[in-house]
J.: 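Quick one: this structure, given as structure tokens, is what I'll be asking you about.
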Amino acid sequence: MKLFGKDFLFSQPVRQYIKLLAMKEYIFSEIEKRWQKYWEENKTFKTADDFSNPKKYYILDMFPYPSGAGLHVGHPEGYTATDIISRYKRMNGFNVLHPMGWDAFGLPAEQYAIQTGTHPAETTRKNCDNFRRQIKELGLSYDWDREINTTDPGYFKWTQWIFIRLFNTWFDSETGKGRDISELEVPEEIRAKGKQSINEFIDSHRLAYYDNAQIWYCPSCRIVCANEEVLNDGSHEKCGHQVVRKNLKQWMLRIPLYAERLLTGLEDLDWPEGIKEMQRNWIGRSTGAEVDFKIEGMEEKIRVYTTRPDTLFGATYMVLAPEHPLVSKITSSDKKDSVEAYLRAAALKSDLDRTDLAKDKTGVFTGSFAINPVNGTKIPVWVADYVLTGYGTGAIMAVPAHDERDFDFAKKFGLKIICILSPDVDDQEQKNKILEGNECWADDGAYINSSNPDEGLSLDGLNKEKGIATITKWLEEKGIGTAKVNYKLRDWLFSRQRYWGEPFPVIHWEDGEINILSDEQLPLNLPDLDVYQPGDNGESPLSNATEWLTVTGPDGRKGRRETNTMPQWAGSCWYYLRYIDPRNDSAPFEKVKEKYWMPVDLYVGGAEHAVLHLLYSRFWHKVLFDIGVVSTDEPFFKLFNQGMILAFAYETTTGAKVPSDMVSERDGKYYHSETGEELKQIVAKMSKSLKNVINPDDVISKYGADSLRLYEMFMGPLEAVKPWDDKGVRGVLNFLSRSYRLIAEPDNIIEGEEDGDVLRSLHQTIKKVTEDIENLRFNTAISAMMIFLNTATKKGKITRDTALKFVKILSPFAPHLGEELWMSLGNDKTLAYEPWPLAEEEYLRSDTFECPVSVNGKKRFELLLPVGLPKEEVVRIVLEDERAKKWIGDASPKVIVVPDRIVNIVIPVQKD
RNA sequence: GCCCGGAUGGUGGAAUGGUAGACACGAAGGACUUAAAAUCCUUUGGCCGCAAGGCUGUGGGGGUUCAAGUCCCCCUCCGGGUACCA
């Protein structure tokens, strides 16, 4: 062994020891701790409110609910992606806003309080501390001075402030915009009726209103559940008991008024098409017509909504929802008992019984008949719960021949089925069935039996599109119908019977008047409670807070505060705005700051929020835009959904799941460690019962944060669902270690000219990594860096310049190692703001390339060709090649040359 | 049922209509070591072959094209969302 230039002979243990000393070991735990401390102490990632830089980038993660379980490996996936882009953007001279906070109101802390008496604020604080620690250990470059917490009175003061704005805004359908309630014109006839009528009129226009609503209640937990907490089988997701419907006074928001804008606003957004589609479906715009039907022997008319006015000639009966106001009026005396019994039964049923469990339709005849306006036919009016009260007019005309639901109903109750559309089908047997009314046809075709000469109306022979246009025009001319747009989107139930949420800034006076607090009275804080048990009848625990609850006005009037609190969505509806100016005490944010930072340039989070959160946020934002609080119509310009991280799990041949700690692996196969049965490896969501939950803390201590980050990015495309494989983490750790060993070893870093291969590889890598970061394709960026490292390691030594450039492009992915290597290369301050290297064209060019030559589309051999060779030359060279001749024989081939890409020799196939 | 994704080696995955399987894991063999770990090197879709080479191959079936994992039509399976919205 050579030491100090001389040969020494050492015993084996000593040789090993010296080797160890000499070898640069990648000790990630030390490196990561050191740089996390440095970033924190130097506030490296503090975002300056420097508005002179026109290049701004607001990059946002969906903030987490800080659960007691701590971070799971799904969190770092999106966070790492945005962190890479943040770091990349900073190195490209952008002023980057990249904040983090806590969506900390929520059920679990309250449930825990019910069980243990611990104040939810206490639980929340602890959980946030834990989340913050875990997130900091990932080396994410958040500006922690902007941390927010939705449960902080300094935050929810402004949530309440926005609620006041919603309360004081009405939607002007003429301009399609929200306006201040003071600008609402009250019609003279209402004005004439006095103060109460005026107030009712105004209240009926506010975006936020207070009214009776049906909610889910879990009798077992004595708690009211959000819709999302009720599973498909009607059970409460927390306890498994069946929930029931209850009527309670609730706050509602008129989001459907914004349906059209929420729909059209999607067009210009750079969002995944699938998410846009989900929002569109949720909004559920449909075009059709409202048609009035006369009722035989009565003044009243029944108005129905239909998307198929063209099928009016096929309407053979009519259905009202059980809750329809005309039901009792039109019920004939002999049907009274049966109808009332039906209504009672329907009222007891949950929505669930009315849908899922009861595809088998029920209904009852009212005894009345309506007149079909197109042909004067008498058709029976039924009541059935397959018609919903909240959609359209709560009444339909039934066309059993051309609507599946009506068909089922008509079949069951023996109602007439008249086919009025000859279907576009080739199958003659099916066609006959449809024409005879024995099968339902909802698609296109040509109308038959659809004319009324007396009225000068005929659809016969037309197709669906023409039919709809013709009939709608006729209905409008006759004044019995109008074209109408409907939305599935309903008013948003905006209150929860909970303690741990934002209190509503309202007072209910004993005389029934509702007052909203003034801005100066905010925040309205939550009272401390001794018991967090919900009140009787599903009332919020706040109903126990007598002192807080009761208010006496200056006039001596007694009042009561709202016991409901806002849903968890409230805080998350606008948090991205608060990051802009998180400590502002006199406004939610300063206007100039909002103008500079908004909109969010990139928003990354899970697809589980595809509809609700993103729709709610957009709604609030549009209201705030209309009333001049924010400067953009849409909050999130670009959206990206990361895919879920799953884990391997095991099941027996019969499909029974086996917890991972009961599984042993031998020769790539899996066995039950007790029964010895061979098991199948499957991919499943991480769950406690499968014992396949991966804890980021464990991964960090075993492999380091940089490896965790790199692995999560290397697993596959960010948007894909992919299984965690611990072995894969080893692979990226290996890559980081090799990078460290190459660059941290001073002997490997040389001065002077770089080797041509290394230089080309370096610049190719810079190009690839730059493009891939821009397109959120981190997996291929990482593989490009691995390729470079393989090339560089083979050479053994690289120049300082090469090393510096490589460290820079590696650093967004593995920032701790990046800083460490940057320092080892002789720098003394962070590389976070060092300019991003440029891929230089001159090093990317190559004079020759291996041109693949295929014969009839199949690659046969490769040929080294100069770049830019004319086609004729290429053909000549190829045809002279022995390997080509072998395939061509004496045939006369056609040669297709794609310059600098590929050559295809086409030999006519001989026919036998 | 409807809507949206997806299916590529033993595994995760890569591939502007142009060399399918980059990169990584795993596996096998080898070097170093008393040994192990670590590290390094080689091989690695399947089939035939000593090799050269050939055949085959991106869930299945058709089609367009000089050329298809990629575009079009039909089907199967898997994942997510949604559910009587007239």
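A, B, ... follow the sequence lines: proteins, then strands. Residue 1 opens every chain. None of the values given here were measured: they were computed from a predicted structure.
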J.: For nucleotides 5-29 of chain B, read 5' to 3', which letter fits each nucleotide if B means a protein heavy atom sits under 4.0 Å from the base, S means only the sugar-phosphate is that close, and - means neither?
T.: -------BSS-B-BB--BBSSS---
J.: Considering only NZ, NE, NH1 and NH2 on the basic side and carboxylate oxygens on the acidic side, decide whether R303(A) and D292(A) come within less than 4.0 Å.
T.: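 Salt bridge between R303(A) and D292(A), a charged N being under 4.0 Å from a carboxylate O: yes.
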J.: For the rings on F806(A) and F788(A), is their centre-to-centre separation under 6.0 Å?
T.: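 Yes, the ring of F806(A) comes within the 6.0 Å limit of the ring of F788(A), centre to centre.
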J.: Could you tell me whether Y616(A) and W492(A) have their ring centroids closer than 6.0 angstrom?
T.: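 They qualify: ring centres under 6.0 Å apart.
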J.: Distance between the C1' atoms of A7(B) and U58(B), in whole angstroms?
T.: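 It comes out at 9 Å once rounded to the nearest Å.
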J.: Write down the distance between CG (D385(A)) and P (A83(B)), rounded to a whole number of angstrom.
T.: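 Nearest whole value for this atom pair: 17 Å.
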J.: From CD of E290(A) over to P of A86(B), roughly how many Å is that when rounded to an integer?
T.: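 The distance from CD of E290(A) to P of A86(B) comes to 13 Å, rounded to the nearest Å.
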J.: Does G9(B) count as syn, meaning its glycosidic angle lies within 90° of 0, or as anti?
T.: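 Nucleotide G9(B) adopts syn.
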J.: Can you tell me the distance, in whole Å, between the CG atom of N281(A) and the P atom of U82(B)?
T.: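 In whole Å, U82(B) P and N281(A) CG are 11 Å from each other.
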J.: Does the salt bridge (charged side-chain N to carboxylate O under 4.0 Å, His left out) test come out yes or no for D726(A) and K702(A), once each step is laid out?
T.: CA-CA 10 Å; D726(A) 228 50; K702(A) 228 165 129 187; 3.2 Å; yes
J.: Could you identify the nucleotide paired to C40(B), looking across every strand shown and requiring Watson-Crick or G-U wobble geometry with both distances under 3.5 Å?
T.: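 Pair assignment: C40(B) / G30(B).
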J.: Is it true that the side chains of R741(A) and N748(A) contain a donor and an acceptor less than 3.5 Å apart?
T.: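 There is no such pair between these side chains.
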J.: Does the structure show a Watson-Crick or G-U wobble partner for A7(B), both distances under 3.5 Å? Name it, or say none.
T.: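 Check on A7(B): paired to U76(B), both distances under 3.5 Å.
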J.: Tell me which nucleotide among G80(B), G54(B), A86(B) gets nearest to the side chain of W887(A).
T.: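 The answer is G54(B), which lies nearest to the side chain.
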J.: G59(B) and G53(B): how far apart are their C1' atoms, nearest whole angstrom?
T.: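 About 31 Å, rounded to a whole number of Å.
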J.: Please list every donor-acceptor pair under 3.5 Å in which a side-chain atom of residues 857-865 of chain A meets a protein atom from a residue at least two apart or in another chain.
T.:
{"from": "K859(A)", "atom 1": "NZ", "to": "E862(A)", "atom 2": "OE2", "distance (Å)": "3.3"}

J.: Closest nucleotide of RNA chain B for K794(A) versus for R308(A): which of these residues is on the 5' side?
T.: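 Checking each residue's closest nucleotide, the 5'-ward one belongs to K794(A).
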J.: Could you state the CZ-P distance from R883(A) to G54(B), rounded to the nearest angstrom?
T.: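 Roughly 11 Å, once rounded to whole Å.
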J.: Whether K722(A) and E77(A) form a salt bridge (side-chain N of Lys/Arg under 4.0 Å from carboxylate O of Asp/Glu) is what I want to check.
T.: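 K722(A) and E77(A): salt-bridged.
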J.: Identify each atom pair where a protein N or O and an N or O of nucleotides 44-49 of chain B are less than 3.5 Å apart, giving names and distance.
T.:
none

J.: Starting from C1' on A83(B), measure out to CE on M278(A) and report it in whole angstrom.
T.: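 Spelled out: CE on M278(A) to C1' on A83(B) is 13 Å.
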J.: Would you measure the distance from the P atom in C72(B) across to the matching atom in C23(B) and give it in whole Å?
T.: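 31 Å, rounded to whole Å.
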J.: In terms of side-chain geometry, is the basic nitrogen of R280(A) or E273(A) positioned less than 4.0 Å from the acidic oxygen of its partner?
T.: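 Yes, charged N to carboxylate O under 4.0 Å.
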J.: Using purine N1 to pyrimidine N3 plus N6-O4 or O6-N4 for Watson-Crick, or N1-O2 and O6-N3 for G-U wobble, each under 3.5 Å, what pairs with C55(B)?
T.: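 Its partner is G46(B) (Watson-Crick or G-U wobble, both distances under 3.5 Å).
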J.: Would you say R860(A) reaches C55(B)'s phosphate, i.e. side-chain N/O to OP1/OP2 under 4.0 Å?
T.: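 It does, given that an N or O in the side chain of R860(A) lies less than 4.0 Å from OP1 or OP2 of C55(B).
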J.: Say you pick atom P in G10(B) and the same atom in G80(B); how far apart are they, in whole Å?
T.: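 These two P atoms come out 26 Å apart once rounded.
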J.: Specify the separation, in whole Å, of atom CZ of F735(A) and atom P of U39(B).
T.: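 After rounding, the gap between these two atoms is 15 Å.
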J.: With a 4.0 Å cutoff (strictly under), does any side-chain N or O of R741(A) reach OP1 or OP2 of C40(B)?
T.: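 Result: yes.
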J.: Rounded to the nearest Å, what distance is computed from the CG atom of residue N856(A) to the C1' atom of nucleotide U65(B)?
T.: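 Spelled out: CG on N856(A) to C1' on U65(B) is 13 Å.
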J.: Stepwise, does the salt bridge (charged side-chain N to carboxylate O under 4.0 Å, His left out) test hold for E745(A) with K797(A)?
T.: CA-CA 10 Å; E745(A) 171 54 58; K797(A) 295 191 193 309; over 6 Å; no
J.: Report yes if the distance between the aromatic ring centroids of Y386(A) and F409(A) is under 6.0 Å, otherwise no.
T.: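 When the ring centroids of Y386(A) and F409(A) are compared, they turn out to be within the sub-6.0 Å range.
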J.: Give me the distance, rounded to whole Å, that separates A22(B) from A15(B) when you measure between the C1' atoms they each carry.
T.: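 Going atom to atom, C1' in each nucleotide, I get 8 Å.
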J.: Return the CG to CZ distance between L810(A) and F735(A), rounded to the nearest 0.5 Å.
T.: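 Reported value, rounded in 0.5 Å steps: 5.5 Å.
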J.: Given that both distances must come in under 3.5 Å, which nucleotide forms a Watson-Crick or G-U wobble pair with U65(B)?
T.: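 In the structure as shown, U65(B) has no Watson-Crick or wobble partner.
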J.: Once you round it to whole Å, what is the distance between P of A83(B) and CG of L388(A)?
T.: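 Distance, rounded to whole Å: 11 Å.
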J.: Name the nucleic acid region contacted by W271(A), choosing base, sugar-phosphate or nothing; use a 4.0 angstrom heavy-atom cut-off, strictly under.
T.: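 W271(A): no heavy atom of the nucleic acid under 4.0 Å.
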J.: Does the structure show a Watson-Crick or G-U wobble partner for U82(B), both distances under 3.5 Å? Name it, or say none.
T.: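 Base partner found: G1(B).
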J.: Does a nitrogen or oxygen in the side chain of Y391(A) sit under 4.0 Å from OP1 or OP2 of A86(B)?
T.: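 Indeed, a polar side-chain atom of Y391(A) lies that close.
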J.: Distance between the P atoms of G61(B) and U42(B), in whole angstroms?
T.: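 Going atom to atom, P in each nucleotide, I get 38 Å.
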J.: Expressed in whole Å, how much space separates the P atoms belonging to U70(B) and G17(B)?
T.: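 After rounding to an integer number of Å, I get 12 Å for this pair.
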J.: Taking only the P atom of each, what is the distance from G30(B) to A37(B) in whole angstrom?
T.: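 These two P atoms come out 14 Å apart once rounded.
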J.: Answer yes if the ring centres of Y711(A) and W724(A) are under 6.0 angstrom apart, and no otherwise.
T.: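 When the ring centroids of Y711(A) and W724(A) are compared, they turn out to be within the sub-6.0 Å range.
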J.: Does G21(B) pair with anything, Watson-Crick or G-U wobble, both distances under 3.5 Å, and if so, with which nucleotide?
T.: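 WC or wobble partner does not exist here.
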